[in-house]
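Quick notes on the structure that follows.
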Amino acid sequence: MPELPEVETIRQTLIQLVIGKTIESVDVYWPKIIQEPDDVKQFITFLQKQTIHDIRRKGKFLLFDLDKHVLVSHLRMEGKYGVYDYKEEVVPHTHVIFHFTDGTDLRYQDVRKFGTMHLQEKGTETTKKPLVLLAKDPLEADFSLQDFKEKIQKSERNIKNILLDQSVVAGLGNIYVDETLFLARIHPLTKGISVTDEQVIQIKQAAVITLQDAVQQGGTTIRSYVNSQGQIGMFQQQLNVYAQNDKPCSNCEDTIMKIKVNGRGTHYCPTCQPI
DNA sequence: CACCCTACCTGGGCGC
DNA sequence: TGCGCCCAGGTAGGGT
């Protein structure tokens with residue numbers, strides 16, 4: 001489910017709800033979500049008495065800054081966070097509960113159980129999995145256009161696939177890659193090696209505009225996404241191609257197509273994005 | 001080394 | 001109704 005705009009919206013809403021709170025205890029109902037440390041008991045023990053000082057985002061990851069550790073959390077397709085009174089009923093698909101000393105809970109819910117959590121010593125998180133190979137996202141000030149260009153132009157893969165690769169550019173997923181390529185007027189099957197310097201700049205600018213607008217709208221809700229206050233996003237009203245197949249293009253009125261690219265549904269306008 | 005495909009899960013929608 | 005497919009905001013990791 002969540003790409004950069006949804007994760008950023010979750011971060012902004014969650015920060016209002018949990019900063020300064022101290023973890024009393026932790027319950028884990030689906031241990032596979034906990035990737036590090038190996039032993040879930042260690043995970044639980046380490047977290048006790050630690051306070052949440054900040055929540056950062058790197059690409060699609062949320063980073064909870066604690067006293068001694070950083071909790072690196074990825075929501076994958078359907079992960080969500082919500083804050084509840086400890087007495088409230090635990091809804092289905094709740095897999096991890098962080099109980100705070102003030103009687104509230106931070107609860108992680110994930111229908112498909114794909115999400116991951118890594119608890120790592122403060123300061124080590126960018127040197128090891130899963131963050132070590134993560135590229136910058138296009139909204140970061142130190143995003144390197146040169147590095148981006150080299151990674152695209154040395155690849156024989158198609159541009160759709162390249163842009164989904166989080167070691168090339170962070171934060172884009174299936175919705176925002178399709179939207180970015182539409183704005184940049186580039187066909188999703190274009191080989192990286194044949195993307196021009198000018199097109200690389202267009203892709204970067206299109207990604208910035210798309211991601212900024214989507215953050216502004218609180219993300220995109222297609223099926224199930226809500227932020228940490230239970231609110232849906234609004235960017236689905238502004239989608240040009242994603243889930244718009246068989247509808248007229250907003251630019252030229254031609255019919256939006258849907259194809260499969262490396263197993264992912266891919267949407268584009270055949271007139272605006274010629275091969 | 002680069003890249004593709006499958007597995008990981010559950011639930012909704014559709015055709016029969 | 002019910003069953004069996006296909007599909008879904010993602011990404012490790014195994015195989016080619």
Side-chain angles (χ1 to χ4, degrees), chain A residues 1-11 29-36 57-62 72-81 91-96 108-118 128-135 137 150-181 189 191-193 207 210-211 213-215 217-227 231-246 258-267:
Chain A
M1 133 187 124
E3 305 176 38
L4 186 153
E6 292 75 36
V7 178
E8 176 59 21
T9 304
I10 289 167
R11 189 189 73 81
Y29 302 105
W30 193 262
K32 287 181 77 171
I33 288 170
I34 313 305
Q35 302 279 310
E36 188 183 342
R57 178 186 58 73
K58 282 196 177 291
K60 304 176 193 172
F61 290 87
L62 286 172
V72 181
S73 170
H74 197 300
L75 279 33
R76 293 288 179 95
M77 296 292 267
E78 303 243 16
K80 297 171 180 51
Y81 279 105
V91 300
H93 311 299
T94 300
H95 306 308
V96 183
Y108 178 73
Q109 295 140 201
D110 187 342
V111 168
R112 295 177 71 180
K113 302 174 175 168
F114 284 176
T116 59
M117 295 184 191
H118 293 73
K128 51 207 274 192
K129 283 199 294 187
L131 296 183
V132 65
L133 291 178
L134 186 68
D137 76 54
E150 284 168 16
K151 284 176 174 167
I152 290 173
Q153 293 178 339
K154 77 174 171 59
S155 176
E156 295 277 357
R157 304 149 80 192
N158 60 63
I159 189 65
K160 161 98 186 199
N161 230 7
I162 295 170
L163 296 179
L164 284 172
D165 184 339
Q166 302 296 296
S167 71
V168 173
V169 53
L172 298 176
N174 211 32
I175 295 177
Y176 299 108
V177 166
D178 284 3
E179 293 297 315
T180 294
L181 288 174
L189 291 175
K191 300 283 180 203
I193 202 163
T210 303
L211 293 171
D213 281 359
V215 170
Q217 296 298 311
T220 302
T221 298
I222 299 293
R223 313 165 43 233
S224 65
Y225 162 72
V226 290
N227 67 29
Q231 300 156 326
I232 65 168
M234 293 310 242
F235 192 71
Q236 61 279 10
Q237 296 173 2
Q238 292 172 230
L239 294 173
N240 286 302
V241 286
Y242 186 86
Q244 306 304 302
N245 40 97
D246 304 328
K258 181 176 181 182
I259 59 173
K260 281 255 187 211
V261 177
N262 297 87
R264 310 296 303 274
T266 298
H267 315 73

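Within every chain, numbering begins at 1; the chains are lettered A, B, ... in the order of the sequence lines, protein sequences first and strands thereafter. Any value given below was found using the heavy atoms of this structure, including those in side chains, with hydrogens, waters and symmetry copies removed.
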Within this structure, what is the [atom1]-to-[atom2] distance between [X] and [N], rounded to whole angstrom?
X        : N      : atom1 : atom2 : value
A:Lys128 : C:dA12 : NZ    : C1'   : 17 Å
A:Asn158 : B:dC4  : CG    : P     : 7 Å
A:Ile259 : C:dC6  : CD1   : P     : 19 Å
A:Arg157 : B:dC4  : CZ    : C1'   : 10 Å
A:Glu156 : B:dC4  : CD    : C1'   : 14 Å
A:Asp110 : C:dG10 : CG    : P     : 13 Å
A:Ile159 : B:dC3  : CD1   : C1'   : 15 Å
A:Met117 : C:dT11 : CE    : P     : 16 Å

Under 4.0 angstrom, heavy atoms only, what part of the nucleic acid is [X] near: base, sugar-phosphate, or nothing?
X        : result
A:Tyr176 : nothing
A:Lys258 : sugar-phosphate
A:Thr116 : nothing

Taking the side chain of A:Lys60 as heavy atoms from C-beta outward, which of C:dG9, C:dC7, C:dG10 is closest to it?
-> C:dG10

Which nucleotide in the list C:dA8, B:dC3, C:dG9 gets nearest to the side chain of A:Lys260?
-> C:dA8

Residue pair A:Phe61, A:Leu134: steps toward the side-chain contact (heavy atoms from CB on, under 4.5 Å) verdict = CA-CA 10 Å; A:Phe61 290 87; A:Leu134 186 68; 4.0 Å; yes

Does the distance from a Lys or Arg side-chain N to an Asp or Glu carboxylate O, for A:Asp137 and A:Lys58, drop under 4.0 Å?
-> no

Ionic contact status for A:Arg157 with A:Asp165, cut-off 4.0 Å = yes

Should A:Ser224 be listed as having a side-chain N or O under 4.0 Å from OP1 or OP2 of C:dA8?
-> no

Check whether any side-chain N or O of A:His74 sits under 4.0 Å from OP1 or OP2 of C:dG10, and answer yes or no.
-> no

Shortest non-hydrogen contact from A:Leu163 toward A:Leu172 | O-CB, 3.8 Å

Would you name the heavy atoms of A:Lys129 and A:His118 that are closest together and state the gap between them?
-> O-CD2, 4.1 Å

Report the C-alpha separation of A:Thr220 and A:Tyr225 in whole Å, then their side-chain angles, then the decisive distance to 0.1 Å, and conclude whether the side-chain contact (heavy atoms from CB on, under 4.5 Å) test is met.
-> CA-CA 7 Å; A:Thr220 302; A:Tyr225 162 72; over 6 Å; no

Nucleotide N/O to protein N/O under 3.5 Å, stretch nucleotides 13-15 of chain C:
unit_1	atom_1	unit_2	atom_2	d
C:dG13	OP2	A:Lys129	NZ	3.2

Could you give the distance separating C:dC7 and B:dC5 at their P atoms, to the nearest angstrom?
-> 15 Å

Say you pick atom P in C:dC5 and the same atom in B:dA7; how far apart are they, in whole Å?
-> 15 Å

Sequence-aligned protein contact record of nucleotides 6-11 of chain B, with B where the base is within under 4.0 Å of a protein heavy atom and S where only the sugar-phosphate is = --BBBS

Nearest 0.5 angstrom please: [X] [atom1] to [Y] [atom2], how far?
X        : Y        : atom1 : atom2 : result
A:Gln166 : A:His74  : CD    : NE2   : 6.5 Å
A:Ser224 : A:Lys80  : OG    : NZ    : 4.0 Å
A:Asn161 : A:Asn262 : CG    : CG    : 3.5 Å
A:Glu179 : A:Gln244 : CD    : CD    : 7.5 Å

Within the side chain of A:Glu36, is there an N or O that forms a donor-acceptor pair under 3.5 Å with the backbone of A:Ile34?
-> no

Side chain to side chain contact (heavy atoms under 4.5 Å, CB included) partners of A:Lys32, counting only residues at least two apart = A:Trp30

Could you walk me through whether A:Thr94 and A:Gln109 pass the side-chain contact (heavy atoms from CB on, under 4.5 Å) check?
-> CA-CA 4 Å; A:Thr94 300; A:Gln109 295 140 201; 3.3 Å; yes

Counterpart residues, ring pair (Phe, Tyr, Trp, His ring centres under 6.0 Å), relative to A:His93 (two or more places apart) = none

Of all of residues 160-173 of chain A, which get a heavy atom below 4.0 angstrom from DNA chain B, listed by number?
-> A:Asn161

C:dG9 glycosidic torsion: syn (within 90° of 0) vs anti | syn

Watson-Crick or G-U stems of DNA chain C, 3 or more pairs, under 3.5 Å, by first number | B:2-8 with C:10-16, B:10-16 with C:2-8

Do the ring planes of A:His95 and A:Tyr108 sit parallel (below 30°), tilted (30 to 60°) or perpendicular (above 60°)?
-> tilted

